[in-house]
Number of protein chains: 2
Amino acid sequence: MRILIVEDTPDVAEAASASLGRAGFACDIAPTLADARACIDITDYAAMVLDLNLPDGSGRDFLRERRRTGDLTPVLVLTAQFSVEDRVGALDEGADDYLVKPFDLRELEARLRALTRREAGRAENRIALAGLDFDAGAQSLRVNGAAVTATRRELALLNLLLANRGRIMPKDRLFDGLFGFENADVGTNTIELYVARLRKKLAGSGVSIETHRGLGYRLDLDG
Amino acid sequence: MRILIVEDTPDVAEAASASLGRAGFACDIAPTLADARACIDITDYAAMVLDLNLPDGSGRDFLRERRRTGDLTPVLVLTAQFSVEDRVGALDEGADDYLVKPFDLRELEARLRALTRREAGRAENRIALAGLDFDAGAQSLRVNGAAVTATRRELALLNLLLANRGRIMPKDRLFDGLFGFENADVGTNTIELYVARLRKKLAGSGVSIETHRGLGYRLDLDG
DNA sequence: CGGGGCATGACAGCTTGATGACAGCTTGGC
DNA sequence: GCCAAGCTGTCATCAAGCTGTCATGCCCCG
């Protein structure tokens, strides 16, 4: 799950990025609308965090512009404390949620999880499938009832595959979901590596990751 | 456990803060409703102590406002001696408890402990788990029957971890629970330090604190 | 049988956490 | 008030575990 944070205050942007990173999201930071547009052109995001007050324009205009071009990426808007009309206006413009600054990082995390899982058609963070039990909120994984430790990247990959269960995910798509621009120079072999590591941990769970040569990977029930 | 004290008389606020600090709570003081709102936006509290008579408005209105926005943080209200209707009104507005000024600090402490443990779904201050026996009221700790001395911070950390047993607690969350704003500049290494100290004291108790790299710590039974 | 894509073990760099020693400060006893 | 004891948090150093690279060997497909 890749997130674009459009926010010009470095402290805020970085705190959010760190917190969301821990929660399994890959984040890119865009301090201006121009940067944001550039990012969106290059890759697509599972969601966007948008500050309304930016150096090169209003986030509201930007949001309206995106919606007019048919972009349906979930957007969470950050508003200043007292601008009620901004908040309401943003929702009218097509924002999916808002948060008043200053906000609690845990809340941002929870709301983004809600937005992205809504996109995936789920109502809660927990997914149980055959012998597998994954909770994106607690970042915990159980296989046949036993807790299995997995690293941040492994969990992020699993999350992506689970959200697209039954679909073949191209390697570059998985790559985009795991790494932001700052890790852009990582070799493509990495995905194969993490698939291998995940497979070991999922062994015997009744769920497996199939390889489709030249196409990508697909997670589904055994058989 | 972090507590917000909304009280404009410095003497009272500071006495309460000191007393509660000794009892293992991390306190922030807000002398006005505006300050209180700012604090609440930034972090969240295990409970709130609310004076009703404040320079920029009535605590009752504030309480009503919080409840209307869905905030369920336990609130203990401080009332003047003779305003019975305030007291009753506050309870109606959603206060969880009240104390008449002037009050005994020990009583404040005991009532806050009651409120926070109710939140954690417990009926008493004492938690026994495997070879561990912790009493938040007496601030006493026993491991396999033997009394173990532990400092305020160690106990506060243990309390937090116990209240969230089985959940991974991010380091910054533990940090928030242990330190108020006034200690905001304490190095993050501190949490690791206290985890190490606690681990030593819990050795052999059947309960242990697991490290989850990049995510946080989790307290649970061994195994 | 040859080639490209994939799997996987080993490894090194680096980030993150663990821990001992220490100095300042607080606290409590006298 | 003074002193001693112990609590606190910083620093430096060391250990562990995560990450991604590489190299090698495999497998599928032509």
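So that the names make sense, note that chain A is the first sequence line, chain B the second, and so on, each numbered from 1.
Taking for each of Gly187(B) and Thr149(A) the nucleotide of DNA chain D with the nearest heavy atom, the 5'-most of the two is the partner of Gly187(B).
With hydrogens and angles ignored, no donor-acceptor pair closer than 3.5 Å exists between the side chain of Arg153(A) and the base of dG20(D).
Partner of Tyr45(B) under the side-chain hydrogen bond (donor to acceptor under 3.5 Å, both in side chains) criterion, chosen from Thr73(B), Thr116(B), Asp28(B): Asp28(B).
Residue Phe175(A) contributes atom CZ, which lies 14 Å from atom P of dT19(D) at whole-angstrom precision. Between Glu182(B) atom CD and dT26(C) atom P the separation is 12 Å, expressed in whole Å. Atoms CZ (Arg197(B)) and C1' (dC7(D)) sit 8 Å apart, rounded to a whole Å. The CG-C1' distance, from Leu198(A) to dC18(D), rounds to 14 Å in whole Å. Residue Ile209(B) contributes atom CD1, which lies 11 Å from atom P of dT19(C) at whole-angstrom precision. Atom-to-atom, CD1 of Ile191(A) to P of dC22(D) comes out at 16 Å; the value is rounded to the nearest Å. To the nearest angstrom, P of dT19(D) lies 16 Å from CG of Asp185(A). Regarding Tyr194(B), its OH atom lies at a distance of 11 Å from the C1' atom of dT10(D), rounded to whole Å.
At a threshold of 4.0 Å, the pair Arg66(A)-Asp71(A) counts as salt-bridged, since one of the basic side-chain nitrogens sits closer than that to a carboxylate oxygen. Of the charged side-chain nitrogens involved, none lies within less than 4.0 Å of a carboxylate oxygen, so that Glu109(B) and Arg22(B) do not count as a salt-bridged pair.
No side-chain donor-acceptor contact under 3.5 Å links Ser208(B) and Glu210(B).
Phosphate proximity of dT8(D) to Thr151(B): present, with a side-chain N or O under 4.0 Å from OP1 or OP2.
A distance-only check finds no donor-acceptor pair linking the side chain of Ser19(A) to the backbone of Ala16(A) [under 3.5 Å].
Among the protein residues, Arg22(B) comes within range of no part of the nucleic acid, since none of its heavy atoms lies under 4.0 Å from any strand.
Taking the centre and axis of the six-membered ring of Tyr217(B), the NZ or CZ atom of Arg173(B) falls outside the cone set by 45° and 6.0 Å.
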When you compare the protein's N or O atoms with those of nucleotides 6-8 of chain C, which come within less than 3.5 Å of each other, and at what distance?
{"residue": "dC6(C)", "atom": "OP1", "partner": "Gly214(A)", "partner atom": "N", "Å": "3.0"}
{"residue": "dC6(C)", "atom": "OP2", "partner": "Lys171(A)", "partner atom": "NZ", "Å": "2.6"}
{"residue": "dA7(C)", "atom": "OP1", "partner": "Arg199(A)", "partner atom": "NH1", "Å": "2.8"}
{"residue": "dA7(C)", "atom": "OP1", "partner": "Thr211(A)", "partner atom": "OG1", "Å": "2.6"}
{"residue": "dA7(C)", "atom": "OP2", "partner": "Tyr217(A)", "partner atom": "OH", "Å": "2.6"}

Exercise for review: Would you sort out whether Leu112(A) and Leu115(A) count as a side-chain contact (heavy atoms from CB on, under 4.5 Å), showing the intermediate values?
Suggested key: CA-CA 5 Å; Leu112(A) 273 180; Leu115(A) 285 181; 4.2 Å; yes
